[in-house]
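Have a look at the structure below, then the notes.
What's counted below: heavy atoms across the whole structure, side chains too, no hydrogens, waters or symmetry copies.
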Amino acid sequence: MTLILSGTDGLSDVDGSAATPAIRGTDTNTGIFFPGADRIGFAEGGVQVGEFDASGNFLMNSGYGSTAIAYGCRAWVNFNGTGTVAIRASGNVTSITDDGTGIYTVNFTTAMPNTNYAVVGAAGESDSGGGNRMLGLRVLATSSVGVRGFSSGSSAVDLPEMCVAIFR
């Protein structure tokens, strides 16, 4: 097989493999290869660690020996829900709206394509004296999600430790 490198076609006619990627640096078993039609693979140490498949899905091997679709966290936030609500760290979250005692709206920077997403989270206090704390889901919207902090007695409460992640 002949490697073709031109200004028009770029690099062509070499697919490579995980063991010997088509595009690599001095580490000959780490780089990019083409495992099949409309697929781009990534190798590290001669092992496939990632791939974009023909449907545009990103697949990754996180150490389990095979690749699987990686479902990305589309938005996340860690915030203090007491007093003046304050975001500690976040991704794709513009702000938190305090809608009342223990009731919050997490506002997205970039809207979700629809409301078919999953919300996971945790709520609690820094010390162990507060009893059980929970996070509840209120409203799914494309531009935000409503969450609620609860005590073990089902009362809405402001909590200092609130973490929310959205997967789609």
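Heavy atoms of other residues, nucleotides or ligands lying less than 6.0 angstrom from OH of Tyr71 number 12 at most.
Annotation for Ala18 and Ala43: closest pair O-CB, 3.3 Å, computed over non-hydrogen atoms. For the pair Asp158 and Gly102, the tightest heavy-atom approach, listed with the atom from each and the gap, is OD1-N, 2.6 Å. Between Phe150 and Gly136, the shortest heavy-atom contact is CE1-CA, 3.8 Å. Listed here is the closest heavy atom pair of Val77 and Ser90: CG2-CB, 3.8 Å. Gly83 and Asp98 get closest at one heavy-atom pair: O-OD2, 4.0 Å. Across all non-hydrogen atoms, the minimal contact from Ala141 to Tyr117 is O-OH, 2.7 Å.
No chain of hydrophobic side-chain contacts below 4.5 Å, direct or via other Ile, Leu, Val, Met, Phe, Trp or Tyr residues, connects Trp76 to Met112. Linking Ile, Leu, Val, Met, Phe, Trp and Tyr whenever their side-chain heavy atoms come within less than 4.5 Å puts Val164 and Ile87 in one cluster. Ile103 and Val157 fall into different hydrophobic clusters, where Ile, Leu, Val, Met, Phe, Trp and Tyr residues are linked whenever their side-chain heavy atoms come under 4.5 Å apart, directly or through other members. Cluster membership check: Val85 shares its hydrophobic cluster with Leu137, using side-chain heavy-atom separations under 4.5 Å among Ile, Leu, Val, Met, Phe, Trp and Tyr.
With values rounded to the nearest 0.5 angstrom, Leu159 atom CG is found 11.0 Å from Thr101 atom OG1. If you take OG on Ser17 and CD on Gln48, they are separated by 10.0 Å, rounding to the nearest 0.5 Å. The line from CG of Leu59 to CZ of Arg39 is 8.5 Å long, rounded to the nearest 0.5 Å. Distance check, rounded to the nearest 0.5 Å: CZ of Phe33 to CD1 of Ile40 gives 11.0 Å. The CG atom of Asn116 lies 9.0 Å from the CG atom of Leu140; values are rounded to the nearest 0.5 Å.
Looking at Thr20 and Thr28, their side chains never come closer than 4.5 Å, going by heavy atoms from C-beta outward. The shortest side-chain heavy-atom distance between Met162 and Asn80 does not fall under the 4.5 Å cut-off. Contact annotation: the side chain of Pro113 approaches that of Arg74 to within less than 4.5 Å [non-hydrogen atoms, C-beta and beyond]. Side-chain contact between Cys163 and Asn78 is present, with at least one heavy-atom pair separated by less than 4.5 Å. For the pair Asn61 and Glu51, the minimum side-chain heavy-atom distance is 4.5 Å or more. Side-chain contact check for Ile96 versus Thr105: every heavy-atom pair is 4.5 Å or farther apart.
Counted by atom type alone, Ser95 and Asn107 present one or more donor-acceptor pairs between their side chains at under 3.5 Å. In this structure, a donor-acceptor pair under 3.5 Å is absent between the side chains of Asn29 and Arg24. Between the side chains of Ser55 and Asn57, no donor-acceptor pair is found at a separation under 3.5 Å.
Distance alone, capped at 3.5 Å, is enough to place a donor-acceptor pair between the Arg138 side chain and the Tyr104 backbone. For Thr67 (side chain) and Gly50 (main-chain N/O), no donor-acceptor pair under 3.5 Å exists by modelled atom type. In this structure, Arg88 contributes its side chain and Phe79 its backbone to a donor-acceptor pair below 3.5 Å.
By the ring pair (Phe, Tyr, Trp, His ring centres under 6.0 Å) test, Phe58 is found to be paired with Phe52, residues two or more places apart in sequence or in another chain being considered. Residues forming a side chain to side chain contact (heavy atoms under 4.5 Å, CB included) with Thr110 (at least two apart in sequence, or on another chain): Asn92. Among residues two or more places apart in sequence or in another chain, the side chain to side chain contact (heavy atoms under 4.5 Å, CB included) test is passed with Val49 by Phe42, Glu44.
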Practice item. Show the numbers, then the answer: is there a side-chain contact (heavy atoms from CB on, under 4.5 Å) between Val139 and Val145? Key: CA-CA 6 Å; Val139 177; Val145 63; over 6 Å; no

Practice item. Verify side-chain contact (heavy atoms from CB on, under 4.5 Å) between Arg148 and Asp99, making sure each step is shown before the conclusion. Key: CA-CA 10 Å; Arg148 193 169 176 183; Asp99 297 319; over 6 Å; no

